[in-house]
Protein chains: 2
Amino acid sequence: MKNPKAARLTKQGSRRFPDRVDPIVDQSERDFLATYDPSAFPHPSVTVDVALISITHQKLTTFVVRRTEYPQRGSWALPGGFVRFSESLDAAAARVLSTKAGLRNVFLEQLYTFGEPGRDPRTRIITVAYYALVNVDRFMAADSESGRPIEAWIDVPWEGEAGGPVDVADTSGAPLELAFDHADILGMAVKRLRGKLDYTPIGFQLLPDTFTLRQLQEVHETILGRRLNKDSFRRRMLASGLLKGTGKRQDEVGHRPAELFRFVKGAAV
Amino acid sequence: MKNPKAARLTKQGSRRFPDRVDPIVDQSERDFLATYDPSAFPHPSVTVDVALISITHQKLTTFVVRRTEYPQRGSWALPGGFVRFSESLDAAAARVLSTKAGLRNVFLEQLYTFGEPGRDPRTRIITVAYYALVNVDRFMAADSESGRPIEAWIDVPWEGEAGGPVDVADTSGAPLELAFDHADILGMAVKRLRGKLDYTPIGFQLLPDTFTLRQLQEVHETILGRRLNKDSFRRRMLASGLLKGTGKRQDEVGHRPAELFRFVKGAAV
DNA sequence: TGAATAGTGTCTATAAGACAATATCCC
DNA sequence: GGGATATTGTCTTATAGACACTATTCA
């Protein structure tokens, strides 16, 4: 064995990686590790949880799966799973989304890492939360191999970017009890969305390929939880250079049809 | 044993928590765990790394510690450490800051979680990165029990919020080689700072208790990496309600002294 | 033709940038 | 007084909000 310090690591680690040394190495860390008993202090587990966000019926919507086991059996959870040893965090989140919702090539971004020791009553589980955005068609097509995923409407009890947990209800309006700290994760996702909307073209992720200016405005209003000035919104969007008119128009709308626009690739997302 | 599934968990875990069950429970997760060999797939380790940011000599500055062990011996690293089993992530970051820099009651916020499988050559280490802000006096007083921490000047090779790794140099201008992905962590910290500056009073964290408008403007300019319009900056700050004049003035400045202001508590940070 | 929304043009209020004029300190 | 920066005031320009008016589709 090249390095005697390996013996201080977890048995698991030392069996598999006899040559590895302390990951962060300075004196105080070594002191800590010298007195560190891996059987007394097992490693935390690491999971990813994904808040899949869409807009249905003019409401912010997410995708929850009913828990079939204790604890919190019967409550609703975001799709999640363990991070595998040789898999990046992004890849783990994409895998969860693919496995549990059948979705690939989705806008997916890391949100925040939740690690309160008591957040899961069984053991220490640190979860890296992600959020994903899909338009209503892809959202409705999302399915789960594992149970009865449902569309959950998000009710945000705070304004602006104050932040905090949110409430969710099913499509009949009945409240859904969220498992663990998933109400906080969803709240963080809404806060992030509101913050990013001002300076990134994130709203397009929630719309079909072509859309009208009013549809885009409704997306923004739904995310922000407040009405926007129509004239100003229109001017800003057209001036942004992010939209390109298709020349085509809506049809069968019972009034003058609006022009359909498309998102122009190239601007940062 | 109440639950037979516990036998599938890691040996470490099952010794300590014989009754715990699968953390995220649905069919596909159970399928995964049923074929999951804990000795073949050891848990990732979890650390925190803290980018301690200040402004010295009109430059963005951070605090790095020289590595005394392989790998990357001799390169420079952000202070970091393992997350203990019963310690929150925030508490771990505060502990690192206290232990390695002697700083308490510091502005400290979670930044991003870095978890590429190859980011540490020894084993899988997922790190939850934090950033902390202190004014120059506290920064200069920061010390480490473990080695030779130094002031490192940050050179940001991109504009706006483009993001990406940054370079660092010592106070003589000589480049410092950063360990692992710490250049990415610092880059993320700068990007976050630039983004937050527009709508949060984050600049006050980098200044002494009282300060002039020009000093505040210089902080903003240093963070943003570009010059700001003096008149407009002054008007915006005074109109924000975040500043309160103290009636006192600078002295010994060789020109007309400016009024000293104080940050008004109460606005969100 | 009427209902309903799309799209255009104009006016006003507000904020930012530019710049000039004055104030106040130290030397 | 001279040098230097603070502070105030004014003008111009860009953008947001408000509102009136015209355009186009379907029923």
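Each chain gets a letter, A, B and so on, in the order the sequences are listed, and its residues count up from 1.
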- Message: Quick check for you: name the first and last nucleotides of DNA chain D, 5' to 3', having an atom under 4.0 Å from a heavy atom of chain A.
- Response: dA16(D) to dC26(D)
- Query: Minimum heavy-atom separation for A189(A) to A51(A), with atom names?
  - Reply: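 Of all heavy-atom pairs spanning A189(A) and A51(A), the closest is CB-CB, 4.3 Å.
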- Message: Can you tell me if R214(A) touches the phosphate of dT5(C), counting only side-chain N or O atoms and a distance under 4.0 Å to OP1 or OP2?
- Response: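 For R214(A), the contact criterion (side-chain N or O under 4.0 Å from OP1 or OP2 of dT5(C)) is not met.
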- Message: Below 4.0 angstrom, which residues in residues 221-235 of chain B have at least one non-hydrogen atom near DNA chain D?
- Response: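 Nucleic-acid contacts, sorted: K230(B), D231(B), R234(B), R235(B).
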Does one side chain, of [X] or [Y], offer a donor that lies under 3.5 Å from an acceptor on the other?
X       : Y       : value
Q250(B) : T212(B) : no
Y130(A) : D90(A)  : yes
T246(B) : T210(B) : no
S54(A)  : T61(A)  : no

Would you kindly give the [atom1]-to-[atom2] distance between [X] and [N], to the nearest whole Å?
X       : N       : atom1 : atom2 : result
H255(B) : dC27(C) : NE2   : P     : 11 Å
L260(A) : dG7(C)  : CG    : C1'   : 15 Å
E259(B) : dA23(C) : CD    : P     : 18 Å

- Task: Give Q250(A) one of three labels, base, sugar-phosphate or nothing, depending on what nucleic acid heavy atoms sit under 4.0 Å from its own.
- Result: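 Counting heavy atoms under 4.0 Å across all strands, no contact is made by Q250(A).
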- Item | Partners passing side-chain contact (heavy atoms from CB on, under 4.5 Å) against A92(A) (at least two apart in sequence or in another chain) |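 A92(A) satisfies side-chain contact (heavy atoms from CB on, under 4.5 Å) with V48(A), V83(A), E87(A), R95(A) once adjacent residues are dropped.
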- With no angle test and no hydrogens, is the base of dA4(C) tied to the side chain of R256(A) by a donor-acceptor pair under 3.5 Å?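 Answer no: no donor N or O sits under 3.5 Å from an acceptor.
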- Q215(B) side chain to L207(B) main-chain N or O, any donor-acceptor pair under 3.5 Å? no
- Whichever of G254(A) and L213(B) has its nearest DNA chain D nucleotide further upstream toward 5':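 It is L213(B) whose nearest nucleotide is closer to the 5' end.
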- Item | F204(B) vs L243(B) side-chain heavy atoms within contact, under 4.5 Å | yes
